[in-house]
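Report on the following structure.
Residue numbers begin at 1 in each chain, while the letters A, B, ... track the order of the sequences. Side-chain atoms are counted along with the backbone in the values below, which use heavy atoms only and exclude waters and symmetry mates.
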Amino acid sequence: MAENGGVTLEGVTKTFPGGTRAVDAVSLAIAEGEFFSLLGPSGCGKTTTLRMIAGFEAPDAGRIRVRGADITALPPEKRNMGMVFQNYALFPHRTVAENVAFGLRMRNVPKADIAARVRQALAMVRLEGLEDRRPAQLSGGQQQRVALARAIVVNPTVLLCDEPLGALDKKLRQAMQFELKELHRRLGLTLVYVTHDQEEALTMSDRIAVMRAGRIAQLGTPREIYDRPTSRFVADFIGDTNILDGEPREGGLAMPGGWVSPVASLPPGVRAIALRPEQVRLTAAGGGIVDATVEEANFLGDSMLLKLGLPAGVALLARVPRDADPALTTPGSRAGVSWRPEDPVPLADA
Amino acid sequence: MRAAFLAVNGAVIAFLLTPVAIVLFFAVNPEPFIAFPPTGVSFRWFEKFLTSRDFMAAFGLSLVLGAATVAIAGTLGTAAALAIARGGLPGRRTLTAIFLSPIVLPAILTGFALFQLAMVLGLGRTVWILLAGHCVIAVPYVLRTVLAVLAHSDPALEEAARGLGATPAVAFREVTLPLIRPGVIAGALFAFIVSFDQFPVSLFLVSPGNETLPIAMFNYLRFDSDGTIAAASTVSILLAVLLVLGIERTIGLQEYARL
């Protein structure tokens, strides 16, 4: 996959002075044109990984290749990458047009071409007419677009984004997610996107590498990551989830309180399962796998999130339609819960 | 409340400006001694100052020293500030403390130390030692002001420039320098004033025939107390005001004073 021209990391390691191993032998292959996200909590090494791809940090070990060529030792100015920084890093002493033109000037593009390409890039991010403003005179969303225009105007081989939407409010962030995705599709760019927002990663990415403590915890498509988390960490980090610990039995996992959750295929030695709240179904008491008490019910607009009490004090989250039977969803009521045997995901590292 | 505030402010301003007023007052008083009330207005002391070969030589040396101090201390202080703020060096706090120590140390000690050093090395009291002394005193001012602007500028800006294809030197010229310019200019202004005004360090390092204006004034004052010193002071004050106004006019000190 990587040979055709993406970004390859081979055993890339970075230890900071003081001994923290920020990135620990990370290997991955990003395909040409792919929207690839590095996702994880703060301190997981995702930003350091991105900065090594950009050339702002040098790895202690390992190789980084772009389109097959080893760029590990190249300084950032020779990598032809575009980077969008968390706080945009727009040059405050230059106008919008000068900011966007900077990379072209560095490449000695003729003046007339610069003007045309700047105009084109600003049109692409829908910022026409603001050429002569200073960054301080723009809103956060507009600054974000300038940063994007500045990064793509040079036709980079790879576009790197470090939490580019982190400083925007929720509505604007959502709008920018759509725009960024559309831009990615239109330009066919290889895009490496760092975020701690799992929802953002799920909506935008072709593939996601979930990182933890400098290593890749899981790598896959958003669906794979969401539906088949391989570890307790990933299951817990991505979306709302229930993690149930029990003892392996024939056909399932025996839970505290004396009931058995059916699990379609439980590898030997696995003692925990992950179950999404939306996979839990409510039936009349006595009609499910086990009975639960409704402890709390939160109205979410499009659905309801219930906090259920299982035997032996185990809690279970369930997401049910907003028009579900009130007799089963009112706090204090009893309901039966069930799920399909193929729904629970066995967690190997529990 | 407001009246009290105004009164306190007025008192502080009066306290700060009275010496200047007294100097001006005696500079234009024709009497050959410090006298009150004045007997008239004359420019004879200005004439005496501006036509005195000794004073003019000292004035010239002070101007040249000031300019050289700006160039050298400005470069060193800026470079040191960049290294401390961005270089990722170990022991940055210690380095800062060492660089700033000439401000903390009594200037007379610095002067005495440099004097002894010059003697031990057999260099004698040349203008070069004098210049070195002024630079030692001036560097911390530049360092301070440049560090202050660097603390407010995002290191990611330099990375952004690098990522867009700028070599380190070009990134410095295109991005870093324009952003730290206010600090550099403010520091340079301080450096000039510190040098032009320097007394304790100069005292140990000047040699006969190589006197700076403050030293020449001091020496003159030991034997004469006519209005020449007041006139010399007035010229110095005027020079400082013109310098500040000039920078204000051309580059805009107001904006850059926001450190």
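- For the pair B:D154/A:F85, no side-chain contact is recorded, criterion being any heavy-atom separation below 4.5 Å from C-beta on.
- Looking at B:E158, there are no atoms closer than 4.5 Å to chain A (heavy atoms on both sides), in backbone or side chain.
- Only the side chain of B:V170 comes within less than 4.5 Å of a heavy atom in chain A; its backbone stays farther off.
- Chain A forms more heavy-atom pairs under 4.5 Å with one residue of B:A156, B:P155, B:G165 than with any other, namely B:G165.
- Residue with the most contacts toward chain B among A:H93, A:R150, A:R79: A:H93 (heavy-atom pairs, distance under 4.5 Å).
- Counted within 6.0 Å of CZ on B:R93, heavy atoms from surrounding residues, nucleotides or ligands total 12 or fewer; the atom is thus considered open.
- Contacts between B:A161 and chain A at a heavy-atom distance below 4.5 Å involve backbone atoms as well as side-chain atoms.
- For a residue to count as touching a neighbouring chain, one of its non-hydrogen atoms must lie under 4.5 Å from one of that chain's; by this rule A:R107 touches chain B with the side chain only.
- A heavy-atom distance below 4.5 Å is not found between the side chains of A:P76 and B:E159.
- Of the atoms belonging to A:M83, not a single heavy atom falls under 4.5 Å from chain B.
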| said: Between A:F102 and B:E174, does the side chain to side chain contact (heavy atoms under 4.5 Å, CB included) criterion hold? Intermediate values first, please. | reply: CA-CA 9 Å; A:F102 191 88; B:E174 294 270 348; 3.8 Å; yes
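- In the displayed structure, B:F99 atom CZ is contacted under 6.0 Å by at most 12 heavy atoms of other residues, nucleotides or ligands.
- Heavy atoms closer than 4.5 Å to chain B are found in the backbone of A:L90, but not in its side chain.
- For the atom pair A:R94 CZ and B:L157 CG, the distance stands at 11.5 Å (nearest 0.5 Å).
- With a 4.5 angstrom heavy-atom cutoff, B:P168 touches chain A via backbone and side-chain atoms both.
- With chain B as partner, the option from A:G82, A:P75, A:P92, A:G55 having the largest number of non-hydrogen pairs under 4.5 angstrom is A:P92.
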